[in-house]
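The structure appears right after this line, and notes come after that.
Convention: sequence-line order gives letters A, B, ...; per-chain numbering from 1.
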Protein chains: 2
Amino acid sequence: MEDKTKSRRKAASKRSTKAPAKIEDVARHAGVSIMTVSRAMRGVEGVSAKKRAEILRLAKRLNYQPSSVAGSLAAANSTLIGVSVPTLFEAVFAEIFDGMRATFANAGLQTVMDTTEYDKTHEQSWVDRMISWRPAGIILSGAEHSAHTRSRIRAAGIPALEIWDFTEDPIDLCVGVDHHAAGLEMGEHLVKLGYRRPAYVGVEQDRDARAENRLEGLRSAFESFGLSNDHDIRAGKQASFEAGFNGVRTMLSTAAPRPDVIYFLNDHMAFGGLMACERAGLKVPRDIGIVGFNGLNINKVLDKPITTSLTHRSLMGETGAKMLVAKILGAKTERTVALPVDLQDGETTRRQ
Amino acid sequence: MEDKTKSRRKAASKRSTKAPAKIEDVARHAGVSIMTVSRAMRGVEGVSAKKRAEILRLAKRLNYQPSSVAGSLAAANSTLIGVSVPTLFEAVFAEIFDGMRATFANAGLQTVMDTTEYDKTHEQSWVDRMISWRPAGIILSGAEHSAHTRSRIRAAGIPALEIWDFTEDPIDLCVGVDHHAAGLEMGEHLVKLGYRRPAYVGVEQDRDARAENRLEGLRSAFESFGLSNDHDIRAGKQASFEAGFNGVRTMLSTAAPRPDVIYFLNDHMAFGGLMACERAGLKVPRDIGIVGFNGLNINKVLDKPITTSLTHRSLMGETGAKMLVAKILGAKTERTVALPVDLQDGETTRRQ
DNA sequence: GGAAACTACGTTAACGCTAACGTAGATCGC
DNA sequence: GCGATCTACGTTAGCGTTAACGTAGTTTCC
């Protein structure tokens with residue numbers, strides 16, 4: 001009877017070639033209690049050095065890997081940090097993530113990442129799934145989240161960090177840059193350089209709230225001088241070289257009078273746009289100005305560096321990770337940190 | 001006594017503002033058994049429509065989120081797919097990942113990703129941590145893994161996919177391209193175009209096994225014509241624009257006689273190198289040839305597209321994901337799939 | 001040299017959930 | 001009209017681990 005039940009259970013489970021070893025197997029082989037194995041594996045006190053060594057050797061031989069699932073259920077704590085980024089196609093998020101790595105590794109926390117495709121529904125379901133794993137912390141990109149997302153995270157009492165966009169009113173913690181201010185600063189700079197007919201080239205759908213904020217900043221700069229931005233071109237789904245290229249082609253074939261400067265969603269789009277301008281016979285910056293955002297790597301190899309706003313992605317990641325770790329450990333930390341953006345006057349805009 | 005034990009336990013747990021609702025809370029509020037709530041939440045049979053609706057409403061109100069930790073321990077199954085990529089700085093892996101997304105989402109599987117930094121020790125510990133969560137499947141980049149990694153995955157009996165590099169002898173499943181063959185094909189092409197003094201520009205440390213395979217392929221092509229590649233420059237840690245730029249600068253200042261063609265680790269490095277050549281007054285392809293790998297996005301906007309080998313990253317991701325899902329569901333699938341690489345003759349190498 | 005303190009274990013009871021099985025009451029078939 | 005089947009639940013026994021506590025044997029201290 002006993003036997004039958006067991007074999008049934010086994011057969012019902014996925015075609016398990018061989019069930020992986022569990023703590024009980026190690027205990028039996030070592031002739032000790034389960035608890036002693038548990039202590040030995042975790043390196044906590046209460047086991048003699050000799051027995052510990054023996055148990056560890058046995059565990060290795062049996063290919064025993066403690067189950068984090070059972071472990072975190074029993075201990076009610078976890079070492080997971082859930083990270084959500086809109087896309088991996090923009091190097092920015094890879095750089096932020098890279099900046100966080102060391103801090104989390106030092107704290108013994110492991111990150112698990114997924115992408116939301118700039119979609120709030122995606123993000124919501126990601127948050128729910130993530131919470132169901134009871135992580136030690138959660139990281140979201142940007143500062144605009146659905147009410148559902150905010151309340152779920154708060155209700156779960158999980159430390160959370162919003163990164164990239166700055167807000168005074170975060171779910172929990174926030175580190176980022178003020179995108180509106182960055183756009184405004186760039187706009188004022190361009191006005192000062194004498195530009196009067198700005199255009200914008202971004203991606204289809206205004207899913208990227210930060211980019212929209214920058215555009216608004218730029219617009220208000222021009223508007224405060226009585227100038228308006230009529231040309232708002234959206235091309236492609238991702239902020240790629242190609243999208244920038246196509247956006248400019250579209251613009252040049254439709255816009256009259258021609259804009260005198262183009263503000264791009266980021267440097268990659270700006271480079272694509274630069275290529276399109278030159279292909280169309282326009283000299284940059286003589287005939288038209290090109291402006292990007294982020295200060296991406298490509299800028300370092302171009303003959304004519306693109307005028308852009310440099311963001312400090314790695315520092316941002318590190319700062320955010322430290323704040324989150326502090327919060328998780330119950331230490332004091334600032335709730336919000338705003339990082340500066342450095343305007344870099346390149347050679348794709350005219351000299352003053 | 002009973003009470004004391006409970007409160008002690010509570011106090012000992014992390015400063016829980018308020019413990020999140022559990023299935024028991026919902027059951028109590030709804031006046032039904034725990035099992036009925038479980039069934040209602042999972043949408044399985046055995047609950048009347050009326051009760052189900054009521055329970056779901058209650059769950060929402062109590063902010064109840066079923067614990068995946070407890071759930072997968074009890075049900076001994078999981079919906080996790082662990083994905084390991086060497087770096088997020090190369091768009092290639094983002095594209096492969098993107099290609100997999102839809103397939104996994106349709107199968108109700110969720111991915112969790114982390115990076116290994118091209119480090120086998122990193123990868124090993126990632127595999128161990130991942131296995132401890134008992135995922136439904138595991139995805140590794142490349143085909144060179146430590147014995148420990150291979151045996152652990154096999155011992156755990158978890159379906160695994162190796163992607164990007166092709167091998168006849170995978171841990172479990174494999175989809176990728178033959179990098180050696182791609183290098184060989186490009187080498188033969190360059191010989192045919194009349195190139196005789198090839199050079200290579202890659203990154204410091206030969207951590208990227210695929211890139212080394214391509215280089216070997218290229219070399220054997222030249223060697224079979226009695227030509228050798230003397231110039232092997234390593235610059236930077238990441239395969240960035242800048243690394244390509246710096247690599248070429250180094251090369252031009254040291255190499256004599258000057259190589260007539262440079263093979264780069266990828267298109268981004270090639271573009272950086274192209275910039276460095278032009279900065280140095282060399283005309284491409286008149287004075288020197290530039291060759292990349294991957295067929296990255298930037299190539300679509302360049303006046304002179306870079307000669308490269310196009311890889312089909314999105315297709316690769318999709319193919320691999322389908323194979324893995326099939327394996328997880330117990331369906332038949334091929335063990336290995338080799339995808340083609342398309343040589344694209346650009347304008348950074350001379351015409352025949 | 002005997003109580004106190006420690007060391008190195010073992011035992012028990014969770015952790016939050018689900019599989020498997022049990023069971024009233026309703027429905028059905030002939 | 002009565003056994004057979006079905007529906008909608010409830011009960012029981014884990015899943016693999018750890019926290020908390022219990023307990024022999026050993027050491028320490030004055």
*Below 4.0 angstrom from OP1 or OP2 of D/dG10, is there any side-chain N or O of B/Ser33?*
yes

*If you pin A/Leu73 and B/Ser38 to their nearest nucleotides in DNA chain C, which one's is more 5'?*
A/Leu73

*Answer yes or no: does a side-chain N or O of A/Lys51 lie under 4.0 Å from OP1 or OP2 of C/dC9?*
yes

_Whole angstrom value for the distance that separates C1' of D/dA8 from CE of B/Met35_ = 12 Å

_Side-chain heavy-atom pair A/Val32, A/Val47 within 4.5 angstrom cut-off_ = no

*In whole angstroms, how far is the P atom of C/dT18 from the NZ atom of B/Lys22?*
14 Å

*asked:* Heavy atoms from C-beta onward define the side chain here; which of D/dA19, C/dA19, D/dT17 lies closest to that of B/Ala75?
replied: C/dA19

_Between the side chains of A/Glu54 and A/Lys50, is the shortest nitrogen-to-carboxylate-oxygen separation below 4.0 Å, so that they form an ion pair?_
no

_Would you say B/Arg42 places a side-chain N or O within less than 4.0 Å of OP1 or OP2 belonging to C/dA19?_
yes

*asked:* Just to be sure I understand the rule, does B/Gly71 reach a base, reach only the sugar-phosphate, or reach nothing, if contact means heavy atoms closer than 4.0 Å?
replied: sugar-phosphate

*Does a salt bridge link B/Lys22 with B/Asp25, judged by any charged N lying under 4.0 Å from a carboxylate O?*
no

*Any side-chain donor-acceptor pair under 3.5 Å between B/Arg129 and A/Thr79?*
no

*Could you tell me whether the side chain of B/Gln65 and the main chain of A/Asp128 form a donor-acceptor pair under 3.5 Å?*
yes

_For a quick test of reading the model: is some side-chain N or O of A/Thr36 closer than 4.0 Å to OP1 or OP2 of C/dG10?_
yes

*How would you label the contact of A/Val69 with the nucleic acid (heavy atoms, under 4.0 Å): base, sugar-phosphate, or nothing?*
nothing

*To the nearest angstrom, how far is A/Tyr64 atom OH from D/dG16 atom C1'?*
7 Å

*Identify which nucleotide among D/dG10, D/dC15, D/dA19 has an atom closest to any side-chain atom of B/Ala74, counting heavy atoms from C-beta outward.*
D/dC15

*asked:* Here's a test of your reading of the structure: between B/Arg134 and B/Ser48, which maps to the more 5' nucleotide of DNA chain D?
replied: B/Ser48

*hbond_proxy A/Arg39 side chain to C/dG10 base (donor-acceptor, 3.5 Å cutoff)*: yes

*Which whole-number value in Å describes the distance from A/Ile23 CD1 to D/dA19 P?*
11 Å

